[in-house]
Amino acid sequence: MPVDTTVLQRWYAAEARDLPWRRDGVTGWQILMSEVMLQQTPVARVAPIWEEWVRRWPVPSAMAAAGRADILRAWGKLGYPRRALRLHECAGVLAADHGDRVPEDVAVLLSLPGVGAYTARAVACFAYGQRVPVVDTNVRRVVARAVHGRAEPGNPSTTRDLADVEALLPRTRARAATFSAALMELGATVCTARTPDCGRCPLSNCAWVDAGRPAHDGPAKRVQKFAGTDRQVRGKLMAVLRESDTPVERQALDLVWLSDPGQRDRALHSLLVDGLVEQTDDGRFALAGEGNG
DNA sequence: CAACCGTGGAC
DNA sequence: TGTCCAAGGTT
């Protein structure tokens, strides 16, 4: 028994954070919204926006009826705004083809825009109680330590990671769902990336601790640069457009990135290609879908 | 598979 | 504006 399910379950019941999307009565659509928002964005920043979205767009058809610009403004500074666009597109598919509900089948979920290996199974598990492995960065780290005795997980491989966790998954649906939630919670609050708090860990048989907490041996993982990248420029351009209720002149956008006009133009072009920004007939720029909805 | 897709908080 | 990291997905 590599991971003591009973101990983990008890720990989760006692220690889990009271996150709004974990409360009773939360719908599949609301779970899906939370999962998309939580892709690479911390819980603390997601929570207030999620509460607002639940009120504003309680069902997929409500969101589908909104314009992209409204969605992008409501997304605010959560980052990676293409996620908001995909969720909007997803809402349209759900409203048109799935009876305004989030499907339960993993394969169907995987076909939806912005829904990948993690999100599909997170919805299947947390919204519908299915027994499927749910593998995010927290789970990968906890399993790497507790089971494999390594400080850090290897490079992500969906097939291998899913099989890895499938092998640990409890038999019954209910226990499997709690197991996955607990593994994620443990990785998020105790078995963290930087400074794991082993003194607070409920697991008594962690392979990494047993091995004396050896340091990561392999090559250090490359951390993404941000300063000076197109990503930073895109962020600055989007910030200007989010905050303006009228289309913006080209010169106003030029001001956000003076050091490299070529890079600025490339960033703006990519935003147009991505469908985040549109150009008006008179040559100004605005969030895509301004005036729609 | 590796690179790219924002943003802000903790160190 | 240094580094690392955060419930990933798409190409």
Side-chain angles (χ1 to χ4, degrees), chain A residues 16-17 19-22 26 30-50 72 75-87 89-90 109-127 133-142 152-162 165 177 180-189 191-196 216 219-242 256 259 263 266-267 269-271 273-277:
Chain A
R17 294 165 294 174
L19 302 178
W21 42 86
R22 286 178 178 162
V26 175
Q30 293 164 352
I31 296 280
L32 175 58
M33 288 198 290
S34 77
E35 294 299 346
V36 172
M37 289 179 173
L38 287 163
Q39 292 167 3
Q40 300 286 281
T41 301
V43 165
R45 259 190 286 162
V46 164
I49 306 290
W50 181 82
L72 291 169
W75 189 259
K77 298 179 176 178
L78 289 184
Y80 292 139
R82 295 191 299 183
R83 288 181 292 163
L85 245 38
R86 294 193 191 107
L87 185 56
E89 186 187 351
C90 180
L109 285 162
L110 283 169
S111 73
L112 299 171
V115 177
Y118 163 75
T119 302
R121 291 173 179 80
V123 169
C125 176
F126 302 136
V134 181
V135 185
D136 75 333
T137 186
N138 291 307
V139 171
R140 282 168 33 75
R141 186 173 54 250
V142 171
E152 292 173 26
N155 293 329
S157 159
T158 301
T159 306
R160 180 163 44 71
D161 294 340
L162 286 174
V165 174
S180 288
L183 231 42
M184 289 175 61
E185 184 74 1
L186 190 63
T189 63
C191 192
T192 58
R194 215 173 306 195
T195 53
H216 177 61
K221 56 182 172 186
R222 309 166 292 286
V223 59
Q224 278 189 95
K225 291 299 179 204
F226 177 66
T229 63
D230 286 9
R231 224 156 72 252
Q232 182 181 26
V233 184
R234 284 166 56 106
K236 286 177 175 294
L237 293 169
M238 286 295 289
V240 169
L241 298 174
R242 267 200 314 270
V256 308
S259 61
Q263 183 182 31
R266 184 170 69 245
H269 179 71
S270 72
L271 290 174
V273 170
D274 285 348
L276 288 159
V277 173

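Here is how names work: the chains are called A, B, and so on, in the same order as the sequence lines, proteins then strands, and each is numbered from 1. This structure is a prediction, so every number in the text was calculated from the model and none was measured.
Within the 4.0 angstrom heavy-atom criterion, no nucleotide atom of any strand lies near A:Arg266. Using a 4.0 Å heavy-atom distance criterion, A:Asp274 is classed as making no nucleic acid contact.
No side-chain donor-acceptor contact under 3.5 Å links A:Trp50 to the backbone of A:Val43. A distance-only check finds a donor-acceptor pair linking the side chain of A:Gln232 to the backbone of A:Gly228 [under 3.5 Å]. A:Arg22 contributes no side-chain N or O that, together with a main-chain N or O of A:Ala16, makes up a donor-acceptor pair within less than 3.5 Å. When atom types are taken as modelled, the side chain of A:Arg17 and the backbone of A:Glu185 share no donor-acceptor pair closer than 3.5 angstrom. For the pair A:Ser34 (side chain) and A:Ile31 (backbone), a donor-acceptor distance under 3.5 Å is present. Of the possible donor and acceptor atoms, none in the side chain of A:Arg242 sits under 3.5 Å from a partner among the backbone N and O of A:Leu72.
Comparing the P positions of B:dG8 and C:dT10 gives an interatomic distance of 24 Å, to the nearest angstrom. For the C1' atoms, the distance linking B:dC1 with C:dG9 amounts to 14 Å, nearest Å. Taking atom P in both B:dC11 and C:dA7, one finds a spacing of 15 Å when rounded to whole Å. If you take atom C1' in C:dC5 and the same atom in C:dT1, they sit 16 Å apart, rounded to whole Å.
Both A:Pro156 and A:Phe226 lie close to DNA chain B; mapped to their nearest nucleotides by heavy-atom distance, the more 5′-ward contact belongs to A:Pro156. Judged by closest nucleotide on DNA chain B, A:Arg222 is the one of A:Lys77 and A:Arg222 placed further toward the 5' end.
For A:His269, the NE2 atom counts as loosely surrounded, since its 6.0 Å shell holds 12 or fewer non-hydrogen atoms of other residues, nucleotides or ligands.
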Reading nucleotides 5-11 of chain C from 5' to 3' and marking B where a protein heavy atom lies under 4.0 Å of the base, S where only the sugar-phosphate is that close, and - otherwise, the string is SBBBBS-
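Along DNA chain B, the stretch of nucleotides lying under 4.0 Å from any heavy atom of chain A spans, 5' to 3', B:dA3 to B:dC11.
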Show the atom names and distances, to 0.1 Å, of all donor-acceptor pairs under 3.5 Å that link a side chain in residues 113-121 of chain A to residues at least two apart or in another chain.
residue	atom	partner	partner atom	Å
A:Tyr118	OH	A:Glu35	OE1	2.7
A:Thr119	OG1	A:Gln39	NE2	2.9
A:Arg121	NH1	A:Ala117	O	3.0

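A:Leu237 is listed as a side-chain neighbour of A:Leu271, based on a closest heavy-atom distance under 4.5 Å.
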